[in-house]
J.: 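Handing you this structure, nothing more for now.
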Amino acid sequence: MTATVLPPPARPALSAVPLLALVEFASGVLQGGFPILLPRLGEHLDLRASDLSLALGAEFLVSGVAVPLTSRLGDLYGHRRLLRATVLLTLLGFVVTALAPDLPVLLAGRALSGFLACWLPLEFAILRDRLGEERGGRAVGPLVGALTVGSTLGALAVGGLGADPAATRPLLWALAALPVLALPVVWRLVPESATRAAGRIDWAGAGLLSLGLTVLLSGLGASGALPGAVTLPLLAAGAALLALFVRQELRTDAPMVDVRLLVRRATAPVFGLSFLLGCALYGAQGPTLAFEAAKPAETGYGLGAVPLVLGLLVLPQTAAATLGAVTAHRLTLRHDASAVLGGGFALCAAGYGVIALGHAAAWQFVLGGAFAGYGAGLGLSLLPALLMRRLPAEQTGIGTGVYNTLKSLAGAAAGVVAAAVLDHLVLRADVPSEGAYTLVWTGCAVLCGLGVPVALALRRTPVA
């Protein structure tokens with residue numbers, strides 16, 4: 001079967017670039033603003049620090065499954081149609097979050113909000129389809145730039161407006177309004193992709209992956225509260241379901257995730273590095289915010305940071321990550337890309353190491369965050385480019401999809417593991433010890449350190 005091409009819409013596709021940039025600006029504000037409110041929301045709902053990590057983990061879990069699934073559905077039925085659906089689901093997720101009276105409802109809201117990660121890949125597909133590979137590739141820049149600017153401004157704006165605890169719920173509703181503003185753009189003004197792929201959806205694979213990850217991560221998350229007689233069977237069942245998922249993907253002619261790419265000598269190190277980087281970046285996010293917001297008079301540690309200070313503390317890391325992404329290509333003109341990537345992982349390890357060694361003052365988080373942010377920016381910029389050079393041309397789409405999926409799943413796994421660490425090492429009931437946070441940051445530093453030799457070894461691995 002061959003792909004079909006629909007008639008082009010009357011509206012020029014080039015006009016979609018600034019419109020989609022506005023949508024990504026809204027996405028950035030959501031991604032940058034909500035984490036700043038999360039510690040204050042936890043206080044309102046009487047949640048533990050580990051609960052906040054679970055909330056972020058649920059979001060990444062849905063993202064990891066939803067991105068490849070919606071991308072494939074977009075190939076078959078139209079990317080704008082799926083973009084509309086994911087904007088509606090994201091809207092529902094933020095509404096549920098704003099209404100959440102307890103942890104289960106909050107987890108449901110964050111799970112639905114995980115569809116936010118689908119926006120950018122679907123927008124890339126629309127631009128590539130309507131503008132061609134070269135012009136569509138150039139149009140990606142404004143979208144990524146709008147996302148970055150929105151994330152930075154979202155953190156600062158939400159932080160500045162959230163100084164009063166009473167502002168938490170109104171700000172959550174303000175964030176929920178952003179998908180509403182994006183709806184008219186994706187509903188009426190953005191053109192639909194013209195090409196339709198042939199094939200089908202691997203629903204069995206999607207179900208096994210979703211169920212396996214949910215059971216496995218539930219077992220990890222419950223390890224601090226439930227006995228081993230309960231958690232060990234959950235872990236075993238999750239592993240068995242994931243093994244069935246791998247078998248399903250190897251047997252089907254239309255896999256949701258091409259697991260063969262994960263073990264190829266040329267691509268396996270790049271996928272491994274993306275997983276390590278995702279674990280470090282997302283595993284530390286919730287615990288770091290919770291520690292910074294902790295009140296020293298109550299816990300004996302923390303900065304007692306209000307949302308504005310939390311936003312300011314995030315700013316150096318975000319700005320450094322942007323700088324790293326911008327300068328990565330220029331550095332590879334003078335140095336081997338694997339050496340630059342290895343340096344990025346080393347900087348990430350140093351950044352988390354700085355915070356693990358000293359976290360009594362704001363400047364320590366600023367310094368460590370800047371190191372980790374710049375290194376992460378190098379990694380996030382170089383890893384996709386290295387991957388595409390190691391993939392056959394006909395597998396570029398599915399390879400980059402696997403890359404994005406692994407990053408999201410790394411965030412889900414890291415969030416749940418961090419929650420388990422905070423639950424196990426406690427100062428008193430429902431309050432993690434300072435050592436629990438130190439262990440999380442140390443773990444992130446170790447993961448990034450492991451990435452250094454893997455990145456340097458890329459120079460010696462064959463290219464597809």
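What you are looking at is a predicted structure, and each value in this text was computed from that prediction instead of being measured.
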J.: Do you know which two heavy atoms are closest between S381 and A325, and how far apart they sit?
T.: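 For S381 and A325, the tightest heavy-atom pair comes out as OG-O, 3.4 Å.
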J.: I'd like to know if the side chain of T288 reaches the main chain of Q285, judged simply by a donor and an acceptor atom lying under 3.5 Å from each other, with no hydrogens or angles considered.
T.: no
J.: Does the side chain of F25 come within less than 4.5 Å of L153's, by heavy atoms?
T.: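 In short, these two side chains touch, coming nearer than 4.5 Å.
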J.: Kindly indicate, with the supporting measurements, whether the criterion side-chain contact (heavy atoms from CB on, under 4.5 Å) is fulfilled by T97 and S113.
T.: CA-CA 9 Å; T97 299; S113 301; 4.1 Å; yes
J.: Would you find more than 12 non-hydrogen atoms of other residues, nucleotides or ligands less than 6.0 Å from F371 atom CZ?
T.: no
J.: Backbone N or O of V314 within a donor-acceptor pair of the T318 side chain at under 3.5 Å?
T.: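 The answer is yes, because a donor-acceptor pair under 3.5 Å joins these two groups.
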J.: Taking C-beta and beyond as the side chain, do P165 and R40 meet within less than 4.5 Å on heavy atoms?
T.: yes
J.: Could you tell me whether the side chain of S210 and the main chain of G207 form a donor-acceptor pair under 3.5 Å?
T.: no
J.: In the structure I gave you, are the side-chain heavy atoms of L331 and L382 within less than 4.5 Å of one another anywhere?
T.: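 Answer no - side chains too far apart.
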J.: Side chains of L242 and L208: does their closest heavy-atom pair fall under 4.5 Å?
T.: no
J.: Counting N and O atoms only, with roles assigned by atom type, does the side chain of E298 sit under 3.5 Å from a partner on the main chain of A294, one being a donor and the other an acceptor?
T.: no
J.: With rounding to the nearest 0.5 Å, note down the distance linking CD in E249 to OG1 in T252.
T.: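 If I round to the nearest 0.5 Å, the distance is 7.0 Å.
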J.: Which distance, rounded to the nearest 0.5 Å, do you find between the CG of L91 and the OG1 of T86?
T.: 11.5 Å
J.: Roughly how far apart are L456 CG and F345 CZ, rounded to 0.5 Å?
T.: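 Spacing of CG (L456) from CZ (F345) equals 10.5 Å.
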J.: How would you list, by chain and number, every residue that makes a salt bridge (charged side-chain N to carboxylate O under 4.0 Å, His left out) with E59, sequence neighbours excluded?
T.: R110
J.: Can a donor-acceptor pair be found between the side chains of Q31 and S27 at a distance below 3.5 Å?
T.: yes
J.: If you compare all heavy atoms of V421 against all heavy atoms of A436, which two are closest, and at what distance to 0.1 Å?
T.: CG1-O, 3.7 Å
J.: Heavy-atom distance under 4.5 Å between the side chains of L45 and L103, does that happen here?
T.: no
J.: Where does the angle between the aromatic ring planes of F365 and W441 fall among parallel (under 30°), tilted (30 to 60°) and perpendicular (over 60°)?
T.: perpendicular
J.: Using modelled atom types only, decide if a donor and an acceptor are shared between the side chain of T90 and the backbone of L116 within a distance under 3.5 Å.
T.: yes
J.: Is there a side-chain contact between L303 and V309 in this structure, where contact means two heavy atoms from C-beta onward sitting under 4.5 Å apart?
T.: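 They are not in side-chain contact.
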J.: When the ring centroid of Y437 is compared with that of H359, is the distance short of 6.0 Å?
T.: no
J.: Does A280 offer a backbone N or O that forms a donor-acceptor pair with the side chain of Y352 under 3.5 Å?
T.: yes
J.: Given L341 and L378, is the side-chain contact (heavy atoms from CB on, under 4.5 Å) satisfied, shown in steps?
T.: CA-CA 6 Å; L341 184 60; L378 292 176; 5.8 Å; no
J.: To the nearest 0.5 Å, tell me how far L175 CG sits from L37 CG.
T.: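 L175 CG to L37 CG: 6.0 Å, rounded to 0.5 Å.
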J.: D102: which residues meet the salt bridge (charged side-chain N to carboxylate O under 4.0 Å, His left out) condition with it, sequence neighbours left out?
T.: none
J.: Please tell me if the side chains of V96 and V105 come closer than 4.5 Å, counting only heavy atoms from C-beta onward.
T.: yes
J.: Give the intermediate values and the outcome of side-chain contact (heavy atoms from CB on, under 4.5 Å) for residues L241 and V215.
T.: CA-CA 9 Å; L241 287 167; V215 173; 4.2 Å; yes
J.: Atom CH2 of residue position W173 - does it have more than 12 heavy atoms of other residues, nucleotides or ligands inside 6.0 Å?
T.: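 Counting neighbours around CH2 of W173, more than 12 heavy atoms of other residues, nucleotides or ligands fall under 6.0 Å, so yes.
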J.: Verify side-chain contact (heavy atoms from CB on, under 4.5 Å) between C348 and L277, making sure each step is shown before the conclusion.
T.: CA-CA 9 Å; C348 278; L277 188 58; 4.2 Å; yes
J.: I need the single residue from V67, L20, V23 that forms a side-chain contact (heavy atoms from CB on, under 4.5 Å) with W119. Which is it?
T.: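 Of the listed residues V67, L20, V23, the side-chain contact (heavy atoms from CB on, under 4.5 Å) partner of W119 is V23.
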J.: CG/L106 to CG/L41 distance, rounded to the nearest 0.5 angstrom?
T.: 5.5 Å
J.: Can you tell me how far apart CG (L315) and CG (L310) are? Round to the nearest 0.5 Å.
T.: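 Reported value, rounded in 0.5 Å steps: 13.0 Å.
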J.: Show the nearest heavy-atom pair for residues A26 and L178, with the distance to one decimal.
T.: O-CD1, 4.0 Å
